[in-house]
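Nothing here was measured: the structure is a model prediction, and the numbers come from that model. All chains are named by letter (A, B, ...) in the order of the sequence lines, taking the proteins before the strands, and each is independently numbered beginning at 1.
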Protein chains: 2
Amino acid sequence: MDQPSLKAVLGQAQAFFASKGLRFTKQREAVTTLIFRTHEHFRPEELCERLRKSDSSASRATIYRTILHLVESGMLREISLGGGERLYDPNFLQSPHHNHLICVDCREIVEFEDPNLDIMQNCITRRMGFSPTEKALRIEGRCDRLRLLGTCKNMKSGKPKKRIGSKRV
Amino acid sequence: MDQPSLKAVLGQAQAFFASKGLRFTKQREAVTTLIFRTHEHFRPEELCERLRKSDSSASRATIYRTILHLVESGMLREISLGGGERLYDPNFLQSPHHNHLICVDCREIVEFEDPNLDIMQNCITRRMGFSPTEKALRIEGRCDRLRLLGTCKNMKSGKPKKRIGSKRV
DNA sequence: ACGAGATTGAGATGCAATATCATTCAGGGG
DNA sequence: CCCCTGAATGATATTGCATCTCAATCTCGT
Ligand SMILES: [Mn+2]
Ligand SMILES: [Mn+2]
Ligand SMILES: [Zn+2]
Ligand SMILES: [Zn+2]
């Protein structure tokens, strides 16, 4: 899917807030902009950090509240990567069906789509007595090849970060 | 795979601790027993609760430490279900390849195995430049049919619990 | 200008998980 | 059997993230 402009995204957000009788305040706009300016998965606390460094500002409470609203609007989704990490994903606007492959060592994430996998996922879901959602399938793996290519983001040091519980060491 | 007896499991644990020069204390034995007596996924805090109610006892610190050891031994695995929940799974001893299907509404979990899915998972993992691990694939869905049958554990009330963040309401 | 209702933000609170560290324990050498 | 040493434990403090509370502020329609 093509990349919606930030302006279009803000319009969509504004429309959603309006439809709920809510205002699109400058704080909410700032948070929305920050989220959809890049296409990165993020942690709420990270977002707070980033916003604090920027010129605009909003309290932690407002940031969390805005995130919830955006999730309700369908523009943003919560994804989970294990280890108790909670991430939000602004990319479903562009690719509504994408899934995630996560490196168990360094938590590097790669997005992918695969129609055959979608079909199989639906079959299994039904077979087990569930009904499919538009949502989430997640695969774990090891980014060995990415590491060889030196494209593995979280690994400046050469060795993957091991995890003990949720802490990287 | 057949169900290993609790005695066998304790033996395996003891052997692992011994191999690391660690003792298999009564606290560690109590925790291990509690974990492998049933075959339920559990949260660490739940486990603390359960242990407190039982006759034996161990401090929270010891419980968390024992869990880490068991994970290192391969007998126990951390699985993740989204929403920042961290669960541990003692069932990989019996079915080393199983995956999880989770209901987005009520968090009900069903285990399943599917060789075809495993194959496809491996293909995708490789295609994206990762190498497969023995681990985890996770699918989300809705347990509508389970709900109709009244077998959905977490739904005494008739309506699924909605989630706002990690809190059920 | 006024008032109702929405919004914000500082701080308090909750909760899981981890870190600290003084005390206890177990097991081997003398 | 006693002592010593390192392993193990557990009470407590601390951290990190997320949510809650509530008084103050803002917006908009009248
Ligand atoms: Mn994504
Ligand atoms: Mn399982
Ligand atoms: Zn990696
Ligand atoms: Zn359900």
Indicate yes or no: does B/R138 engage A/E140 in a salt bridge with an N to O separation below 4.0 Å.
no

Run through A/R107, A/H100, A/H41, A/R77 and flag the one making a side-chain contact (heavy atoms from CB on, under 4.5 Å) with A/L87.
A/H41

N-O pairing of A/E29 and A/K26 below 4.0 Å:
no

NZ of B/K20 versus P of D/dA8: gap in Å, rounded?
13 Å

Under 4.0 Å between a side-chain nitrogen and a carboxylate oxygen: does that hold for B/E45 and B/R60?
yes

State whether A/Y64 places a side-chain N or O below 4.0 Å from either non-bridging phosphate oxygen (OP1 or OP2) of D/dA18.
yes

Rounded to whole Å, please give me the gap between CD in A/E49 and P in D/dA18.
14 Å

What is the distance from CZ of B/F42 to P of C/dA16, rounded to the nearest Å?
15 Å

Interatomic distance, B/E85 CD vs C/dA17 P [rounded to whole Å]:
10 Å

B/N99 and B/E111, any side-chain heavy atoms less than 4.5 Å apart
no

Minimal non-hydrogen separation, B/S57 against B/L51, with atom names
C-CD2, 4.1 Å

Of B/L47, B/I79, B/V71, the one forming a side-chain contact (heavy atoms from CB on, under 4.5 Å) with B/Y88 is B/V71

Of the listed nucleotides (C/dT20, C/dA17, D/dT19), which one gets closest to any side-chain atom of B/R65?
C/dT20

Any non-hydrogen side-chain atom of B/R86 less than 4.5 Å from a side-chain atom of B/R43?
no

Between D/dT19 atom P and A/H69 atom NE2, what is the distance in whole Å?
13 Å

When the distance from CG of A/L87 to C1' of D/dA18 is rounded to whole Å, what number comes out?
15 Å

Expressed as a whole number of angstroms, how long is the span from B/Y88:OH to C/dA16:P?
14 Å

Taking atom CG of B/L117 and atom CG of B/L137, what is their separation to the nearest 0.5 Å?
5.0 Å

Rounded off to whole Å, could you give me the CD1-to-C1' distance for the A/I67 and D/dA18 pair?
11 Å

Counting only non-hydrogen atoms, which of residues 21-29 of chain A are less than 4.0 Å from DNA chain C?
A/L22, A/R23, A/T25, A/Q27, A/R28

Near-strand residues of residues 53-61 of chain A, defined as heavy-atom separation under 4.0 angstrom from DNA chain C:
A/A58, A/S59, A/A61

